[in-house]
Q: 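Let me give you the structure first, and then I'll get to my questions.
Side chains included, hydrogens not; waters and symmetry mates left out as well; all remaining heavy atoms used. Residue numbers start from 1 in every chain, and the chains themselves are labelled A, B, ... in the order their sequence lines are given, proteins ahead of strands.
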2 protein chains.
Amino acid sequence: MSRDRRAARRQATRDEIVAAAWELVREQGLAGLALRDLGDRVGMKAQSLYSYFASKSEIYDAMFREGYLAFAAHNDDLVALADRVDADTATILRRTAHRFFEFCTSDPVRYQLLFQRTIPEFTPSPESYAVAVQAYEQMSELLAGIGVRDQATLDLWSAVLTGLTDQQISNDPGGARWSRLVDRAVDMLITESHTAATTDNESEKA
Amino acid sequence: MSRDRRAARRQATRDEIVAAAWELVREQGLAGLALRDLGDRVGMKAQSLYSYFASKSEIYDAMFREGYLAFAAHNDDLVALADRVDADTATILRRTAHRFFEFCTSDPVRYQLLFQRTIPEFTPSPESYAVAVQAYEQMSELLAGIGVRDQATLDLWSAVLTGLTDQQISNDPGGARWSRLVDRAVDMLITESHTAATTDNESEKA
DNA sequence: GTCTATAATCTGATAGAC
DNA sequence: GTCTATCAGATTATAGAC
């Protein structure tokens, strides 16, 4: 049917626009995305973009969705690895941490869009948000399968890992100053998870 | 001398403008600061602000400087505490971590300006940057006095602490989901610092 | 579906009268 | 030092011809 072909063509153009948006955003920063530049890049007037997206925010939304789909895909083979019986827990956790770290630092702008709240004019649509939630669930199921189950411990893990990536991105972009510390951090977390009964801040009781 | 009084008056107005800028920025976000709004807030036309600051960036710079002065002041009595012989290391470290955490989370916008790189159009002046450097040196001297000396360990500490504050600010603003984990994180770091000889990523050798 | 034209707003910054 | 007037530019978005 020609209906299908038209829809496919339309989707291809949308994809092309989103790809160009990623390029621009890597050059000029996430907030610096301008529809005029975007139109130039794909060879059409900025106004024509409105034939494909109802607003600038919808373009961010498509990028957000695409980013989380990439995140989920990136984690798929991690899950496969975790399901193998012969790999020990520490190995799996180290690998998982490195993969997460690498996913984040390899594309700082994507990291900013996906994991930080820095574009005030943009809030993900329910549909895109659902994609994000699904990716998180995949991740926490993976960790739960290894033994990281209670919320507090999970929160500690996420804080340490995002802390490392944040520092790497903002203080040593392209370097390895914090990536070198990933294994050390993971081992530290593993040890802690084994010893620590759940404790609240001791200083609060003083 | 009337020269002095004039200078004092001028400085007072500058301070007033900066204070109003902090207010606005807490309401509308760091990037959302508009000179027209700022003029309204202090009761003058936006154009008149240029009698006090040469550019918008100079206003950010004054805020940056003020923020790091506040940070240094905030840490002064931590240094005093650390100099007392009767306090044990773990106590000092826990207190230091909590103070840092509290300083950051109590004013997210200030945190953004001081510790994240999120305003593209602003780079601190050499003078203001020097204030920041001084505050960092104060902090690392404090940690060095307790035993955290090598750069890698210091980096690990900063990653964990900023990770906790980041998560708290962006995922549970006003709550305590990650602040509850500060002691646990500090104890974990202390234990790790005692046991770990300096090691690089083990998985790199595989 | 793409274009031209343009609306409606916002921005930071400057010139010059008072 | 404060004002009025204005520049010079950006932004997102809409209307209507083709």
Side-chain angles (χ1 to χ4, degrees), chain A residues 1-21 24-25 27-64 113 118-125, chain B residues 1-21 24-25 27-64 113 118-125:
Chain A
M1 274 181 218
S2 82
R3 187 73 60 90
D4 291 353
R5 304 204 53 164
R6 222 180 302 165
R9 184 79 200 90
R10 190 182 160 77
Q11 186 56 47
T13 308
R14 275 182 62 109
D15 292 347
E16 197 185 330
I17 291 170
V18 171
L24 275 174
V25 125
E27 294 167 16
Q28 308 186 356
L30 194 57
L33 179 64
L35 295 189
R36 273 173 180 73
D37 298 343
L38 185 51
D40 285 352
R41 181 78 48 131
V42 297
M44 66 174 72
K45 288 286 170 184
Q47 297 91 320
S48 303
L49 298 170
Y50 285 89
S51 301
Y52 298 96
F53 295 94
S55 67
K56 185 184 179 180
S57 182
E58 249 189 34
I59 297 177
Y60 279 127
D61 199 59
M63 296 167 78
F64 182 88
L113 178 63
T118 177
I119 297 293
E121 66 246 18
F122 164 65
T123 312
S125 65
Chain B
M1 273 183 216
S2 82
R3 186 73 60 89
D4 292 354
R5 304 205 51 168
R6 223 181 301 165
R9 184 80 200 90
R10 188 182 161 76
Q11 186 56 47
T13 307
R14 274 181 63 108
D15 292 346
E16 197 185 330
I17 291 170
V18 171
L24 276 173
V25 125
E27 294 167 17
Q28 307 186 357
L30 194 55
L33 179 64
L35 295 189
R36 275 169 178 76
D37 297 342
L38 185 52
D40 284 352
R41 181 78 46 132
V42 297
M44 65 173 75
K45 286 288 169 182
Q47 298 90 319
S48 303
L49 297 170
Y50 285 89
S51 301
Y52 298 95
F53 296 95
S55 69
K56 185 184 178 180
S57 182
E58 251 190 33
I59 297 178
Y60 278 128
D61 198 60
M63 297 168 77
F64 181 88
L113 179 62
T118 177
I119 298 291
E121 66 244 19
F122 164 65
T123 311
S125 66

Q: Can you tell me the distance, in whole Å, between the OH atom of B:Y52 and the P atom of C:dA13?
A: 18 Å
Q: Does the side chain of B:F53 come within less than 4.5 Å of B:R14's, by heavy atoms?
A: yes
Q: Just call it for B:T13: base, sugar-phosphate, or nothing, with non-hydrogen atoms closer than 4.0 Å on any strand.
A: nothing
Q: Quick one, A:K56 with A:E121, criterion side-chain contact (heavy atoms from CB on, under 4.5 Å). Give me CA distance, side-chain angles, the key distance, then yes/no.
A: CA-CA 9 Å; A:K56 185 184 179 180; A:E121 66 246 18; 4.1 Å; yes
Q: Could you check whether any side-chain N or O of A:E58 sits under 3.5 Å from a backbone N or O of A:A54, counting only pairs where one atom can act as donor and the other as acceptor?
A: yes
Q: Taking the side chain as everything from C-beta on, heavy atoms only, tell me whether A:M44 gets closer than 4.5 Å to A:Y52.
A: yes
Q: How far apart are the closest heavy atoms of A:P124 and A:D61, and which atoms are they?
A: CA-OD1, 3.4 Å
Q: Where do B:A21 and B:I59 come nearest, in terms of heavy atoms and distance?
A: CB-CG2, 4.2 Å
Q: Check every strand shown and say whether B:Y50 touches a base, only sugar-phosphate, or nothing at a heavy-atom separation below 4.0 Å.
A: base
Q: For A:L35 versus A:L49, what's the shortest heavy-atom pair and its separation?
A: O-CD1, 3.6 Å
Q: What are the two closest heavy atoms between A:Y50 and A:S55, and how far apart are they?
A: CE2-CA, 4.2 Å
Q: Salt bridge check, B:R41 against B:E27: does any charged N sit closer than 4.0 Å to a carboxylate O?
A: yes
Q: Under a criterion of less than 4.0 angstrom to any heavy atom of chain A, what are the 5'-terminal and 3'-terminal contacting nucleotides of DNA chain D?
A: D:dT11 to D:dT14
Q: Are A:L113 and A:M63 side-chain neighbours, meaning at least one heavy-atom pair lies under 4.5 Å?
A: yes
Q: Whole-Å distance between C:dG12 P and B:F53 CZ?
A: 15 Å
Q: Between A:Y60 and A:L30, is there a donor-acceptor pair closer than 3.5 Å when you use the side chain of the first and the backbone of the second?
A: yes
Q: Between atom CG in B:D61 and atom C1' in C:dG12, what is the gap in whole Å?
A: 17 Å
Q: Over all strands shown, is B:R10 touching base, sugar-phosphate only, or nothing at heavy-atom distances under 4.0 angstrom?
A: sugar-phosphate
Q: In degrees rounded to 10°, what angle is found between the helical axes fit to the five outermost pairs at each end of the helix from C:dG1-D:dC18 to C:dC18-D:dG1?
A: 10°
Q: Near DNA chain C, under 4.0 Å by heavy atom, which residues of residues 31-46 of chain A?
A: A:M44, A:K45
